[in-house]
Protein chains: 2
Amino acid sequence: MSALTNAIDILRCFSTSRPDLSFADVQVLTGKPKSSTSRLLRSLRDCGLLEQDPHSRRYRPGLLTFELGRLHRAHDDLIATAERELRDVCARTGHTGYIAVLDGYQQVVLRIVTGSNPLRVVNPPGQRTPAIITSNGRAMLARLSDQEIRARVPLDYPKVPANSPQNFTELMARLNEIRRTGISDAADEAIEGVGSQGFALASGESGELIGIAVSYSVQATTEIERANVRRELGAMAARLRRITGDPLGQTIEQLAGLAS
Amino acid sequence: MSALTNAIDILRCFSTSRPDLSFADVQVLTGKPKSSTSRLLRSLRDCGLLEQDPHSRRYRPGLLTFELGRLHRAHDDLIATAERELRDVCARTGHTGYIAVLDGYQQVVLRIVTGSNPLRVVNPPGQRTPAIITSNGRAMLARLSDQEIRARVPLDYPKVPANSPQNFTELMARLNEIRRTGISDAADEAIEGVGSQGFALASGESGELIGIAVSYSVQATTEIERANVRRELGAMAARLRRITGDPLGQTIEQLAGLAS
DNA sequence: ACCGTTTGTTCCATTTTTTGGAACGTAGTC
DNA sequence: GACTACGTTCCAAAAAATGGAACAAACGGT
């Protein structure tokens, strides 16, 4: 096993729930002999990959990781990062992808990724739609506080399609469902015959919030295919939340950690 | 030379001015044979410290550096406290605030607080700059012993902008001035047309040292406004020194010695 | 299509580093 | 003052890195 591999094994011990580690922690987590741990920790500290608190003598990620992390493409821009991932998913599933942002209680489409399936693009970039009648729109709303949601949705609840939540109570039920599952869906709402599934993504750094959806023809897709889309979206959400530092991703990670 | 050392040599080739590198770039910058470069780049990619663009085949810092970078000093009280105070000052003055740490004779920007003034952020987090050409960099150096300063500044004194200290003697004169007043300033040094004032803050407990600065456009500020910034910084420094137990007048070496 | 060039990977005997058990510090504690 | 927890250093055996050379793949010009 190479020195680099061992170094990485140590670095991978750190996480949001374990931002710093003692010598003993590292030894237990890596299962390596004391001598190896001692030498390796010293090397990592000397080269800047780790820092050691002079008082507690605990180790934490070093200045070099900070500098390099700032160069990672995730800092380019949230939308471009999401678009790259969405392109992959659309290529695999053949469906059409959307990226939107929230503006008041409406959403604005920013990017469209056309898939191979011949579903006409009905929501061009710039299109405004009430967020309460789309999958990604509701996903974004679900990320706001109840108070914030109430402030955004007009008191005079708008007239919406039959499949959409018909009043504020129904809306909150839908949003709470999304908060539980992390994924949102819609069918025959904004456009007759079109269904979609989506989720919301936040940047851990700027707090910027975007909604991502994949849409398809309801008739032309089977239940199996829609389940596949759901899996793809779930995996995509997990990847993006890691890359963008979405706080929701960390919560989910912690829950997964507790379970295992 | 160990595998880890070589790996670090490669990682240190990346910077804000060089966020991605080709195989050839790395080979030239490290001066290593092709075979070694090839193997090491593959290892770094496989372990997540580097990513490779599938199209351009260029390398850039990987997801692991991003994740670790987010953990760097995430729970650092000194920085969190300073950032809160800096936010207030930047809100009042409209200028842009920086928090940096010293690494050798260079400083690395850790935090930025953007003000309301439209001065584009030119030093993003992670940016490395010689500490001798910035206000907060010199303020940090001034907190070291003369011996330690001499050890850090390269014997072959670097080429610096016209307004910066041109040699070691001039540098020490500037640093002694900072030691007297507690505040440091700069104008037209690291960036043409940009001035800044700053100070250094140490934790009385750990000996940790950070540099805080507020920067502004030289043309767009009056002498009166700069005097106002100076007052604000002086007051902020006093508040922070009380909170963090910074015994101004003691060198960092003395502090670190007492702590351990 | 062909040849030369650039660019990167794989091979392998030699050199160098890593490994991990054991002996050796160094505090803190009862 | 012995005991213990915590780390570091030593050293011979084992494993990995090295780098020149052969090899492969992609590109570019004619």
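Naming: A, B, ... by sequence-line order, numbering from 1 per chain. Atom set for the values below is all heavy atoms of this structure, side chains included, hydrogens, waters and symmetry mates excluded.
Across A/Q52, A/R58, A/R60, a single residue satisfies side chain to side chain donor-acceptor pair (under 3.5 Å) together with A/D20, and that is A/R58. Here the options are A/V229, A/T114, A/V113, A/V89, the test is side chain to side chain contact (heavy atoms under 4.5 Å, CB included), and the partner is A/H95; only A/V229 passes.
In this structure, A/R84 CZ and A/L240 CG are separated by 9.5 Å, a value rounded to the nearest 0.5 Å. Of the inter-residue distances, the one linking A/I183 atom CD1 with A/R231 atom CZ reads 12.0 Å to the nearest 0.5 angstrom. Atoms CE and CG, from B/M140 and B/L175 in turn, are 12.0 Å apart once rounded to the nearest 0.5 Å. Atom OG of A/S217 and atom CD of A/E225 lie 11.5 Å apart (nearest 0.5 Å).
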Are there any protein N/O atoms within less than 3.5 Å of an N/O atom in nucleotides 21-30 of chain C, and if so, which ones and at what distance?
| unit_1 | atom_1 | unit_2 | atom_2 | d |
| --- | --- | --- | --- | --- |
| C/dG21 | O6 | A/S35 | OG | 3.3 |

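Atom CG in B/L40 sits roughly 15 Å away from atom P in C/dG8 (whole-Å rounding). One can place CZ of B/R45 at 12 Å from P of C/dG8, the figure rounded to the nearest angstrom. Between A/Q27 atom CD and C/dG20 atom P there is a gap of 12 Å when expressed in whole angstrom units. If you measure from atom NE2 of B/H55 to atom C1' of D/dA26, you get 14 Å, rounded to the nearest angstrom. If you measure from atom CZ of A/R58 to atom P of D/dG7, you get 10 Å, rounded to the nearest angstrom. Between A/Q52 atom CD and D/dG7 atom C1' there is a gap of 11 Å when expressed in whole angstrom units. Note: CG (B/L41) to P (C/dT9) measures 8 Å, nearest angstrom. C/dT17 atom P lies 16 Å from atom CG of A/L4, rounded to whole Å.
Between A/Y59 and A/M1, the residue whose closest nucleotide on DNA chain D is further toward the 5' end is A/Y59.
In this structure, of D/dT8, C/dT9, D/dA17, it is D/dT8 that holds the atom nearest to the side chain of A/F23. Distance from the side chain of A/R42 is smallest to D/dT9 among D/dT9, C/dG8, C/dG20.
Side-chain nitrogen and oxygen atoms of A/S36 include at least one within less than 4.0 Å of the OP1 or OP2 phosphate oxygen of C/dG20. Look at B/R57 and you won't find any side-chain N or O under 4.0 angstrom from OP1 or OP2 of C/dT7.
Annotation: side chain of B/Y98 is not in contact with side chain of B/T134 (no heavy-atom distance under 4.5 Å).
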